[in-house]
Amino acid sequence: EEEHLNDVCREVVEKWAESQVVDAKEEKEDEIQALASVMEKQARIVVKPKEVSQEEKQRKAALLAQYANVTDEEEYPCPEGPPQDGSTGTAVNIGSEKSLFRNTNVEDVLNARKLEREQLRDEFHKKKEQDKLQREKDKLAKQERKEKEKKRTQKGERKR
């Protein structure tokens, strides 16, 4: 019976090993099937190409052309006297007919500085006027004190 028992055990182990191999194959097939279904779903999702109007294409081309034409000198202009076109800033405006916008950062900074200088100048003038008025008041007050002192001394001399 021991031989028979060993044969049965061996047979059970073999069957179990076979079933494990079959299960592994089924799992792999299931994984492959799952991947295939995911790929099919992704293939079904169709990304419609974005329809770009001619105007948008022209804008894009103008922007690309604008940035392609910028040089170091244009990016960092040196102040060599006032601009001759009557503008106050030194902002770069390349191909004014083609550009869709202007970079106003330089102009904004210059305008802010100009405004600050004007405010400081106004404050200085106000302070200067106030100081002038105060000096005049002080001068008048000093003169009045002198006159009062003079009158007092005259009264004292008359009494004597």
Side-chain angles (χ1 to χ4, degrees), residues 20-21 23-160:
Q20 290 297 319
V21 171
D23 287 345
K25 286 181 181 176
E26 286 177 1
E27 285 179 14
K28 286 183 182 178
E29 288 177 5
D30 289 342
E31 289 176 7
I32 292 171
Q33 190 66 24
L35 286 174
S37 66
V38 168
M39 290 174 71
E40 286 176 6
K41 287 179 185 176
Q42 286 180 346
R44 283 186 211 140
I45 299 172
V46 177
V47 178
K48 295 179 183 177
K50 184 178 179 183
E51 294 181 17
V52 182
S53 69
Q54 189 65 23
E55 184 179 323
E56 289 175 349
K57 287 180 183 178
Q58 288 174 348
R59 284 183 189 166
K60 185 175 180 181
L63 283 174
L64 291 174
Q66 179 179 355
Y67 284 110
N69 291 333
V70 174
T71 63
D72 289 341
E73 294 174 0
E74 292 169 334
E75 274 187 331
Y76 306 103
C78 297
E80 298 175 1
Q84 302 199 357
D85 61 349
S87 63
T88 57
T90 57
V92 176
N93 190 8
I94 301 168
S96 59
E97 297 148 8
K98 292 183 180 179
S99 72
L100 300 173
F101 68 93
R102 285 183 10 194
N103 185 354
T104 59
N105 292 340
V106 174
E107 288 178 3
D108 290 344
V109 169
L110 290 174
N111 288 338
R113 287 181 183 168
K114 186 177 179 181
L115 216 111
E116 186 178 349
R117 284 194 304 267
E118 287 175 2
Q119 286 176 344
L120 289 174
R121 190 178 305 126
D122 290 344
E123 289 175 10
F124 174 74
H125 285 300
K126 284 180 185 177
K127 185 168 180 359
K128 193 174 179 180
E129 288 295 320
Q130 287 176 348
D131 289 348
K132 188 175 180 181
L133 289 174
Q134 188 64 38
R135 282 195 300 271
E136 288 178 16
K137 285 181 184 178
D138 290 346
K139 190 175 180 181
L140 288 174
K142 187 176 180 182
Q143 199 172 15
E144 285 177 11
R145 281 195 301 268
K146 281 185 179 179
E147 288 177 9
K148 284 182 183 178
E149 182 67 30
K150 204 176 195 182
K151 286 181 183 178
R152 258 188 272 148
T153 53
Q154 285 177 354
K155 279 186 182 179
E157 287 180 4
R158 285 185 203 153
K159 289 182 181 178
R160 285 191 210 171

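For the single chain, residues carry numbers from 1 onward in sequence order.
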Asks: For Glu123, what residues pass the side chain to side chain contact (heavy atoms under 4.5 Å, CB included) criterion, not counting sequence neighbours?
Replies: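 Expected list: Leu120.
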Asks: What residues form a salt bridge (charged side-chain N to carboxylate O under 4.0 Å, His left out) with Glu129, not counting sequence neighbours?
Replies: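 Glu129 satisfies salt bridge (charged side-chain N to carboxylate O under 4.0 Å, His left out) with no other residue.
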Asks: With sequence neighbours excluded, tell me which residues meet salt bridge (charged side-chain N to carboxylate O under 4.0 Å, His left out) with Lys127.
Replies: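 Partners of Lys127 under the salt bridge (charged side-chain N to carboxylate O under 4.0 Å, His left out) test: Asp131.
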Asks: Under the side chain to side chain donor-acceptor pair (under 3.5 Å) rule, collect the residues that match up with Gln134, sequence neighbours excluded.
Replies: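 Gln134: side chain to side chain donor-acceptor pair (under 3.5 Å) contacts with Asp138.
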Asks: Run the side chain to side chain contact (heavy atoms under 4.5 Å, CB included) test against Gln154 and tell me which residues pass, sequence neighbours left out.
Replies: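 Partners of Gln154 by the side chain to side chain contact (heavy atoms under 4.5 Å, CB included) criterion, ordered by chain and then number, come out as Lys150, Arg158.
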Asks: Could you list the residues that satisfy side chain to side chain contact (heavy atoms under 4.5 Å, CB included) with Glu118, not counting sequence neighbours?
Replies: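 Glu118: side chain to side chain contact (heavy atoms under 4.5 Å, CB included) contacts with Lys114, Arg121.
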Asks: Which residues pass the salt bridge (charged side-chain N to carboxylate O under 4.0 Å, His left out) test with Arg152, sequence neighbours left out?
Replies: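 Expected list: Glu149.
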Asks: Partners of Glu55 by side chain to side chain donor-acceptor pair (under 3.5 Å), sequence neighbours excluded?
Replies: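 Checked Glu55 against side chain to side chain donor-acceptor pair (under 3.5 Å); matches are Arg59.
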Asks: For Asp122, give me all partners under salt bridge (charged side-chain N to carboxylate O under 4.0 Å, His left out), at least two apart in sequence or on another chain.
Replies: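 Listed in chain order: nothing, the list is empty.
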Asks: Once side chain to side chain contact (heavy atoms under 4.5 Å, CB included) is applied, do any residues pair with Lys142, and if so which ones, sequence neighbours excluded?
Replies: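 Result, side chain to side chain contact (heavy atoms under 4.5 Å, CB included) vs Lys142: Arg145, Lys146.
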Asks: Distance from Glu51 atom CD to Glu56 atom CD, nearest 0.5 Å?
Replies: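 Atom-to-atom, Glu51:CD and Glu56:CD are 10.5 Å apart.
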Asks: Side-chain contact, heavy-atom cut-off 4.5 Å: Leu110 with Glu107?
Replies: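 When only atoms from C-beta onward are counted, Glu107 and Leu110 do not touch, as no gap falls below 4.5 Å.
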Asks: Can you tell me how far the CD atom of Gln130 sits from the NZ atom of Lys137, to the nearest 0.5 Å?
Replies: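 If I round to the nearest 0.5 Å, the distance is 9.5 Å.
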